[in-house]
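Data block below; observations after.
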Amino acid sequence: MSRRALLLGATGLVGGHCLQKLLECDDYEEVRVLTRRAVGLDHPKLVERVIDPADIEQHRDFFAVDDVFCALGTTLKQAGSKEAFRRIDLDLVVRIGGLARDAGVQRFLLVSAVNANAHSPFFYARIKGQLERELKALKLPLLALFQPSLLLGERETPRPVEAFGIRFSKIVDPITRWTDAHWLPVSGERVAEALLGMALMGPDTGTYRVRFRDFVVYAGKYRDKYLRSAS
C-alpha cells in the first residue's frame with residue numbers, strides 16, 4: 001500500500017538525502033515538503049510548500065500523511081543566539097510533533113543527536129534532550145529518535161567539527177565499522193537510508209532510540225530491498 005510522507009529540513013544534509021530517496025522509493029506515492037526556501041527540484045511525486053516556520057499551524061492540512069521525517073536543525077552560530085536556537089530546535093519541532101499527532105500520523109522519525117540529555121550541562125545536548133522528552137509526552141504511535149554523532153557529507157555551510165570528524169573517521173573506520181560505539185561519525189546518506197529503512201521495515205508502534213549500530217542495520221535493509229531491486 002502506497003504511503004504519503006512529509007519531510008521537514010529537506011535542504012539540510014540528512015534531509016536532502018532523505019528527499020532524494022523518498023522520491024525514488026515506490027512505496028511512497030506522494031512526498032510533501034514544508035520548507036523556508038525552495039528545494040529546487042521538479043518531480044511528479046513532490047508537493048512543496050514554502051512557508052514561514054512561525055506560521056506552521058496554518059499548514060496543518062499538510063500533515064495528513066502516514067510518515068513524518070523531521071531533519072530540522074541549526075547551530076548556535078547560524079541561529080545567532082541561544083533563544084533563537086531554542087525556538088528552532090525545540091519549540092518549532094514540538095509544534096510539528098503536535099500537528100503530526102493531531103493529524104493521525106502513524107510514524108514520526110526525528111534526527112536528534114547522540115548526546116541528547118535533558119539534564120546535560122551543555123546547552124546543545126540539553127535542548128536535544130528536552131526535545132526528545134517533549135515528543136515522548138505527545139504519545140505518537142511510533143516515535144523514532146535518531147541519534148547520530150558527527151555527520152559526514154557535503155554541506156552548504158561547512159562545520160569545522162564535522163570536518164575534523166571526516167578526517168578522524170578515515171583513520172578509525174577500518175577497525176571500528178562493526179562496533180556498537182555510538183560516537184562514531186556517520187554519513188548523512190546512511191542516516192537517510194536508515195530513516196527510510198525503519199519507516200518501511202521497522203515496527204509500527206513504540207518509542208525507539210536509534211544509534212550507530214541501528215543505522216547500519218536499517219540502512220542495510222533499505223539497500224537490500226530498494227537498491228538491489230533497482231539494479
Side-chain angles (χ1 to χ4, degrees), residues 7-9 12-22 25 67-75 89 93 107-120 122-133 135-136 140 142-155 158-228:
L7 172 63
L8 301 106
L13 175 58
V14 174
H17 284 295
C18 193
L19 176 58
Q20 288 288 352
K21 296 181 188 306
L22 284 167
C25 181
D67 304 337
V68 170
F69 297 86
C70 186
L72 285 174
T74 186
T75 64
D89 275 48
V93 180
R107 303 166 195 84
F108 191 98
L109 300 99
L110 171 78
V111 180
S112 180
V114 70
N115 59 345
N117 182 342
H119 304 289
S120 174
F122 302 105
F123 179 75
Y124 179 86
R126 187 166 67 250
I127 291 296
K128 293 297 185 182
Q130 290 171 358
L131 169 60
E132 292 187 0
R133 183 178 63 192
L135 289 177
K136 289 176 183 177
L140 291 149
L142 175 96
L143 174 62
L145 304 169
F146 279 63
Q147 297 182 333
S149 182
L150 294 175
L151 288 166
L152 310 179
E154 296 290 332
R155 290 187 185 271
R159 299 182 182 182
V161 174
E162 288 179 356
F164 170 78
I166 293 173
R167 295 192 296 270
F168 179 69
S169 69
K170 291 179 179 178
I171 299 172
V172 302
D173 184 68
I175 58 175
T176 59
R177 64 180 62 192
W178 303 113
T179 184
D180 289 331
H182 304 310
W183 49 266
L184 286 175
V186 60
S187 72
E189 184 174 14
R190 176 173 279 186
V191 175
E193 290 173 346
L195 284 162
L196 268 72
M198 185 167 191
L200 293 167
M201 289 168 280
D204 289 324
T205 59
T207 298
Y208 301 89
R209 183 179 65 180
V210 187
R211 287 184 160 184
F212 182 85
R213 185 58 183 164
D214 307 303
F215 301 156
V216 175
V217 171
Y218 280 112
K221 290 184 177 183
Y222 166 83
R223 296 181 69 86
D224 285 344
K225 180 174 181 180
Y226 295 100
L227 298 191
R228 290 184 182 178

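Count residues from 1 along the sequence. Atoms considered below: every heavy atom in the structure, side chains included; atoms not considered: hydrogens, waters and symmetry mates.
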Taking C-beta and beyond as the side chain, do [X] and [Y] meet within less than 4.5 Å on heavy atoms?
X    : Y    : answer
D224 : K221 : no
L195 : V111 : yes
L196 : Y226 : no
L200 : C25  : yes
L131 : L110 : yes
F215 : P148 : yes
Y124 : N115 : yes

For the residue pair [X] and [Y], what are the closest heavy atoms and their distance?
X    : Y    : result
C18  : A192 : N-CB, 3.6 Å
A118 : R126 : O-CG, 3.3 Å
P203 : L142 : O-CD1, 3.4 Å
A116 : G129 : CB-N, 3.8 Å

Using salt bridge (charged side-chain N to carboxylate O under 4.0 Å, His left out) as the criterion, list what pairs up with K21, not counting sequence neighbours.
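Listed in chain order: E189, E193.
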
ring-ring contact (aromatic ring centres under 6.0 Å, His included) partners of Y218, counting only residues at least two apart:
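Scan of Y218 (ring-ring contact (aromatic ring centres under 6.0 Å, His included), adjacent residues dropped) gives none.
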
All ring-ring contact (aromatic ring centres under 6.0 Å, His included) counterparts of Y208, not counting sequence neighbours:
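None.
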
Look up atom CG in L7 and atom CG in D67, then write down how far apart they are to the nearest 0.5 Å.
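L7 atom CG to D67 atom CG measures 11.5 Å (nearest 0.5 Å).
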
CG of L19 to CZ of F69: how many Å apart, nearest 0.5 Å?
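Here the interatomic distance stands at 11.0 Å.
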
For residues 197-209, pull every pair meeting salt bridge (charged side-chain N to carboxylate O under 4.0 Å, His left out), keeping only residues two or more places apart or in separate chains.
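Qualifying pairs: R107-D204.
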
Answer yes or no: is there a donor N or O on one side and an acceptor on the other, between the side chain of D89 and the main chain of K128, under 3.5 Å?
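Such a contact is absent between D89 side chain and K128 backbone.
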
May I have the step-by-step check of side-chain contact (heavy atoms from CB on, under 4.5 Å) for W183 and V114, ending in yes or no?
CA-CA 7 Å; W183 49 266; V114 70; 5.7 Å; no

Check the surroundings of atom CZ in F122: do more than 12 heavy atoms from other residues, nucleotides or ligands lie under 6.0 Å from it?
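12 or below, so no.
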
Apply side-chain contact (heavy atoms from CB on, under 4.5 Å) to the pair V14 and F146, showing each step before the final yes or no.
CA-CA 11 Å; V14 174; F146 279 63; over 6 Å; no

Residues forming a side-chain hydrogen bond (donor to acceptor under 3.5 Å, both in side chains) with S187, sequence neighbours excluded:
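Residues passing side-chain hydrogen bond (donor to acceptor under 3.5 Å, both in side chains) with S187: none at all.
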
By side chain to side chain contact (heavy atoms under 4.5 Å, CB included), which residues pair with L143, not counting sequence neighbours?
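Partners of L143 by the side chain to side chain contact (heavy atoms under 4.5 Å, CB included) criterion, ordered by chain and then number, come out as F108, L135, K136, L140, L145, T207.
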
